[in-house]
Amino acid sequence: MEMQEANQGGSELSSPNQTIYINNLNEKVKLEELKKSLNLVFSKFGNILEVLAFKTLKHKGQAWVVFENAESASTAIAEMNGYLFYDKPMRIQFAKTKSDVVAKADGTFVPREKRKRHEEKGGKKKKEQHHDSTQMGMAMNSAYPGGYGVTPPLSQVPYPGGVKPNLPEAPAPPNNILFVQNLPHETAPMMLQVLFSQYPGFKEVRMVEAKPGIAFVEFADEMQSTVAMHGLQGFKIEQNPMLITYAKK
DNA sequence: AGCACA
């Protein structure tokens with residue numbers, strides 16, 4: 001039988017990073033509210049260092065959430081990609097580059113001139129563009145209740161009717177097969193079996209030789225796959241947090 | 001659509 005490309009929508013997964021990049025956000029929402037809400041929704045995945053969003057035309061509808069750990073970011077992507085937020089499904093990926101707050105902590109921070117790709121050309125009337133970058137560090141992040149399984153309405157179908165064919169990561173609907181990513185290349189099927197077979201309904205692990213780092217894990221039904229997914233989401237194998245989603249059928 | 005921290 002044939003199987004869909006393992007890779008989601010043909011776009012590569014950016015390398016794991018502690019910052020997530022979110023787009024397809026509802027542009028009508030005011031920035032402050034947007035950031036507050038993002039903070040609320042994402043704080044259960046771990047401590048958030050900063051939430052950034054901007055109002056400029058080039059950056060509308062997008063935001064960055066900087067976590068303290070890459071593991072949190074990874075879990076947040078797996079759990080929240082496609083989540084309806086102000087009536088639109090969030091599209092989430094790892095950020096392409098390291099956030100300044102993180103670089104500052106690293107000691108690798110280099111002031112912006114080096115990092116700018118292209119400067120703005122003259123001839124444009126300069127407009128005030130306010131974007132604020134509130135840092136709501138301690139204020140709003142509550143410690144997470146323990147367990148990620150509590151994401152509410154993922155069951156609502158994110159893309160009802162006509163969908164653009166190549167979304168970066170169109171989340172597959174819940175089903176009995178899990179798609180596991182971000183595994184160390186040397187991960188043995190047996191190791192995965194040990195992990196997943198603790199969950200009821202486990203059937204088998206399938207790994208794709210041609211594509212190291214991923215695996216399919218089949219359960220008897222979707223309730224059982226869901227339990228396993230939430231139980232093992234972000235579980236680290238040799239430092240790599242597993243990223244588990246439903247497989248595309 | 002669009003990956004920044006002015």
Side-chain angles (χ1 to χ4, degrees), chain A residues 7-39 42 47-70 72-74 76-78 80-141 158-159 161-171 243:
Chain A
N7 203 337
Q8 330 227 11
S11 75
E12 303 295 321
L13 200 56
S14 303
S15 54
N17 185 303
Q18 59 193 275
T19 303
I20 57 174
Y21 167 74
I22 308 169
N23 66 4
N24 200 41
L25 292 167
N26 190 326
E27 298 177 12
K28 293 181 300 230
V29 182
K30 294 188 304 294
L31 279 192
E32 294 183 32
E33 177 180 343
L34 181 75
K35 289 191 294 176
K36 241 179 229 185
S37 300
L38 286 170
N39 204 296
F42 283 101
N47 201 37
I48 293 173
L49 301 180
E50 194 174 19
V51 175
L52 294 154
F54 309 91
K55 183 160 279 184
T56 60
L57 14 176
K58 193 179 172 198
H59 301 293
K60 279 190 303 184
Q62 299 155 78
W64 288 260
V65 176
V66 188
F67 287 98
E68 198 168 83
N69 323 101
S72 301
S74 189
I77 293 173
M80 302 301 288
N81 191 33
Y83 182 86
L84 288 183
F85 188 70
Y86 293 102
D87 299 321
K88 300 190 66 182
M90 287 194 276
R91 220 166 295 141
I92 317 176
Q93 300 162 256
F94 287 108
K96 280 184 180 157
T97 59
K98 187 188 290 185
S99 298
D100 284 359
V101 263
V102 175
K104 282 171 182 163
D106 271 346
T108 61
F109 178 71
V110 26
R112 72 232 143 175
E113 43 208 10
K114 284 277 185 170
R115 327 187 100 215
K116 279 289 187 185
R117 288 259 184 84
H118 41 274
E119 278 300 18
E120 190 175 350
K121 311 277 173 151
K124 267 232 164 157
K125 188 175 188 179
K126 57 178 167 186
K127 231 179 125 184
E128 55 171 328
Q129 23 188 242
H130 45 293
H131 62 277
D132 50 12
S133 53
T134 313
Q135 34 215 0
M136 31 190 123
M138 305 287 167
M140 326 195 41
N141 346 317
Y159 310 109
V163 181
K164 309 184 63 180
N166 52 353
L167 296 173
E169 302 197 10
L243 198 159

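The shown structure was predicted, so the numbers you read here are calculated from the model rather than taken from an experiment. A, B, ... follow the sequence lines: proteins, then strands. Residue 1 opens every chain.
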**OP:** Could you check how far CG of A/D100 sits from C1' of B/dC3, rounded to whole Å?
**Re:** 13 Å
**OP:** Please state how far atom CG in A/L31 lies from atom P in B/dA4, giving the value in whole angstrom units.
**Re:** 16 Å
**OP:** Just jot down the side-chain contact (heavy atoms from CB on, under 4.5 Å) partners of A/D87, sequence neighbours excluded, or say none.
**Re:** none
Original post:
Which of parallel (below 30°), tilted (30 to 60°) and perpendicular (above 60°) describes A/W64 and A/Y21?
Top reply: tilted
**OP:** Let me know the distance between NZ of A/K55 and C1' of B/dG2, rounded to the nearest Å.
**Re:** 17 Å
Original post:
For the side chain of A/Q93, counting heavy atoms from C-beta on, which of B/dA4, B/dC3, B/dG2 is nearest?
Top reply: B/dC3
Subject >> Whole angstrom value for the distance that separates C1' of B/dA4 from CZ of A/F94 >> reply: 18 Å
Original post:
Between A/K58 (NZ) and B/dG2 (P), how many Å, whole number?
Top reply: 10 Å
Subject >> Interatomic distance, A/Q62 CD vs B/dC3 C1' [rounded to whole Å] >> reply: 7 Å
**OP:** Using the aromatic ring of A/F54 (for Trp, its six-membered ring), decide whether it stacks on the base of B/dA4 within the limits of 5.5 Å and 30°.
**Re:** no
Subject >> Close side-chain approach of A/V51 to A/F42, heavy-atom, < 4.5 Å >> reply: no
**OP:** Determine whether any donor atom in the side chain of A/T19 lies under 3.5 Å from an acceptor atom in the base of B/dA4, or the reverse, and answer yes or no.
**Re:** no
Original post:
For the pair made of NZ in A/K35 and C1' in B/dC5, what is the distance, rounded to whole Å?
Top reply: 11 Å
**OP:** Mind checking ring pair (Phe, Tyr, Trp, His ring centres under 6.0 Å) for A/F85 and listing every partner two or more places apart, or none if nothing turns up?
**Re:** none
Original post:
Separation of A/N24 atom CG from B/dA1 atom P, in whole Å?
Top reply: 9 Å
